[in-house]
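Each chain gets a letter, A, B and so on, in the order its sequence line appears, and its residues count up from 1.
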Amino acid sequence: MKVEAVRGMTDILPEETSLWQYVEAEIREAVALYGYREIRTPIVERAELFARGVGETTDIVHKEMYVFPDKKGQLLALRPEATASVVRAYIEHGLYARGGVAKLYYLGPMFRYEKPQKGRKRQFHQYGVEALGSLDPALDAEVIDLAWYLMERLGLRREGLFLRLNSIGCPRDRPRYREALREYFLPHREGLCTDCQRRLDENPLRILDCNGHTCQEIARDAPRSLDYLCEGCRAHFDELLGYLDALGLAYEKDPKLVRGLDYYTRTVFELASRDLGAQDALLGGGRYDGLAEALGGPPTPGVGFAGGMERLILVLGEREPGERCYRLISGPRAYLLPVAEEEKAEALKILAALRRAGISADMDYAGRSLRKRLQVAVQRGARYALFLGEEELSRGEGKVRDLETGVEEYVPVGELVPYLQGRS
RNA sequence: AGGAGCGUAGCUCAAAGGCAGAGCACCGCGCUGUGGACGCGGUGGUUGCGGGUUCGAGUCCCGUCGCUCCUCCCA
């Protein structure tokens, strides 16, 4: 039986990794412009972190998290998202003691046990930013601006994107909203799925993003969080809208947007592509003012977003080749062609010298014919072919063929490095 | 989670119960030491896997695994 990659976990092959590297580099540069510095947290955390941070009743933790005991029986989890980890690290290392706003970004694999489909894998990759330590709605606006900037920088048209925006209030007005939802759903209790009947008691907010059809139907006319905001949350939201207007960033208020994670407070948003199908969200995020405290740290407000690399790659990959602004990795500069076995040792020495001089160089190890090897050199995009045969090596020379012009020149072996360096 | 479709060579796909094929790719030769063309030849498959029906299954049936799409949720 052939061993294959496990379901929903895919290999990213060299043809694709150049695009990945390009996107990653753009992300790093873009977020650096906004003052974010990278943080790398472990892929494995205690399962408890996500239960407390993301929320026990969320689908992500409840149904989709990879959980397993380690050899001591400690319950561990593959991270389903990174915000909880970042905040955990922020608390653990006392980053709050440095004052001001901590701006952190990350990039890496996440894991969710879901049914895989286009743009949704079980191991997928997210990039994200977290700004910790400020309640200022201007920071929400800046984070959203960064999201837009990143998409623009990657060459996505603004018209092809749209921002869904909502406020789900704070812990102070959450009970009122929860009560309103419960009151609304109670008469429909029998129509709800068993999951939602449980959610009705535990966390009625989650009914709003249940995937059952009838639950969707029932939820359509449910009370809206925007109508249950306290004065502070109302003001925060209005201020944010003002800043977005000032920045010229379009948004669509979406009262159904609650996001699948419990830690969100106030601002929630998603930036989606009109060019994608069912999985259209390119990135999503919001404010999480209670998360740090819930994880045992000092009360620290935060706001951020996370985006999916696979989605981004999909959208970028579907564009016309001419629109693509990433470069493919170039081939070796020099390709060595030892004519017979006897010249291989010399070829290896020259290869080593060229590479140490910063000149990319390669040769064939597959035992192919000389003609074939020259073809491969051209295919690989080499600029020079270097023939090493008895004839020229006996004179201490190699024959350099310029593969663009076809011009050949004999060059002493000791001068190959300056010779190749001196040409553009 | 629900619905639909598809799994045949490395890739794209044929074979409508009767000899598993083509194109591309790969390798060699023509060209004993020199280019993407051309010509000739060659390697490559337990038809995803497991059962069943049949004289006979890539084809029909059941199961299973995987992928794709839709609904939904989300990254």
Side-chain angles (χ1 to χ4, degrees), chain A residues 1-2 4-10 13 15 54 58-60 62-64 79-83 107-128 147 164 193-196 206-217 219 256-261 268 270-273 276-285 305-315 335 337-340 343 364 366-382 384-393 399-408:
Chain A
M1 184 62 184
K2 191 163 52 171
E4 292 172 342
V6 315
R7 178 172 185 166
M9 316 222 171
T10 53
L13 301 178
E15 298 90 281
V54 176
T58 60
D59 279 3
I60 288 178
H62 196 244
K63 293 191 199 162
E64 299 169 2
R79 63 180 184 191
E81 61 104 49
T83 302
L107 206 60
M110 310 290 160
F111 304 83
R112 291 184 201 172
Y113 194 89
E114 286 191 274
K115 192 163 159 181
Q117 50 185 276
K118 191 185 183 82
R120 182 199 283 168
K121 303 289 176 210
R122 287 183 173 178
Q123 174 174 338
F124 59 106
H125 299 77
Q126 283 189 332
Y127 58 90
R164 286 193 277 259
C193 67
T194 51
D195 271 348
C196 283
R206 290 274 78 84
I207 300 175
L208 296 179
D209 52 25
C210 174
N211 53 17
H213 273 100
T214 48
C215 300
Q216 287 287 315
E217 279 294 309
K256 293 269 322 246
L257 182 66
V258 293
R259 310 269 311 148
L261 302 91
V268 291
E270 286 178 11
L271 192 55
S273 165
L276 286 176
Q279 282 72 51
D280 67 346
L282 286 172
L283 58 88
F305 67 79
M309 288 292 294
E310 280 80 0
R311 299 274 165 90
L312 218 41
I313 300 284
L314 264 179
V315 178
Y335 203 83
L337 299 162
V339 172
E343 289 91 32
D364 176 75
R368 289 184 275 212
S369 67
L370 188 76
R371 181 169 64 253
K372 187 64 199 173
R373 281 183 279 161
L374 186 63
Q375 276 178 29
V376 169
V378 173
Q379 264 173 28
R380 294 265 311 268
Y384 298 100
L386 179 53
F387 291 92
L388 300 168
E390 201 188 347
E391 181 195 326
E392 47 272 80
L393 278 182
K399 183 158 66 178
V400 178
R401 179 183 176 90
D402 184 326
L403 292 171
E404 275 180 24
T405 64
V407 174
E408 295 188 344

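Counting non-hydrogen atoms of other residues, nucleotides and ligands closer than 6.0 Å to CD of A:Glu390 gives a total of 12 or fewer.
A:Tyr127 OH to A:Met110 CE: the interatomic distance, rounded to the nearest 0.5 Å, is 12.0 Å.
Here, B:G58 and B:G18 have their P atoms 10 Å apart, quoted to the whole Å. As rounded to the nearest Å, B:G2 and B:G10 have P atoms that lie 34 Å from one another.
Counting only heavy atoms from C-beta on, A:Gln379 has its side chain closest to B:C26 among B:A75, B:C31, B:C26. Considering only the side chain of A:Gln117, B:C72 comes nearest among B:A75, B:C29, B:C72. Listed nucleotides B:C26, B:G3, B:C29 differ in distance to A:Lys115; the shortest reach to its side chain belongs to B:G3. Closest contact between the side chain of A:Leu370 and the listed nucleotides B:G35, B:U34, B:C27 involves B:U34.
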Exercise. Both distances under 3.5 Å, Watson-Crick or G-U wobble: on that basis, could you give the dot-bracket string for RNA chain B, with [ ] for crossing pairs and | for other-strand partners?
Key: (((((((..((((....[..)))).(((((.......))))).....(((((..]....))))))))))))....
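Remark: A:Gln375 is in phosphate contact with B:G36, judged by side-chain N or O atoms under 4.0 Å from OP1 or OP2. Between A:Arg120 and B:A75, a side-chain N or O to OP1/OP2 separation shorter than 4.0 Å is absent. Here A:Ser369 reaches the OP1 or OP2 of B:C29: one of its side-chain N or O atoms lies under 4.0 Å away. Contact annotation: A:Lys372 side-chain N/O to B:C27 OP1/OP2 distance is under 4.0 Å.
Whole-Å rounding puts the A:Leu283 CG to B:A75 C1' distance at 9 Å. Residue A:Asp59 contributes atom CG, which lies 11 Å from atom P of B:C73 at whole-angstrom precision.
For A:Arg164, the salt bridge (Lys or Arg N to Asp or Glu O under 4.0 Å) criterion is met by A:Glu270, A:Asp280, not counting sequence neighbours.
Between the side-chain ring of A:Phe387 and the base of B:G33, no stacking contact exists by the 5.5 Å and 30° definition.
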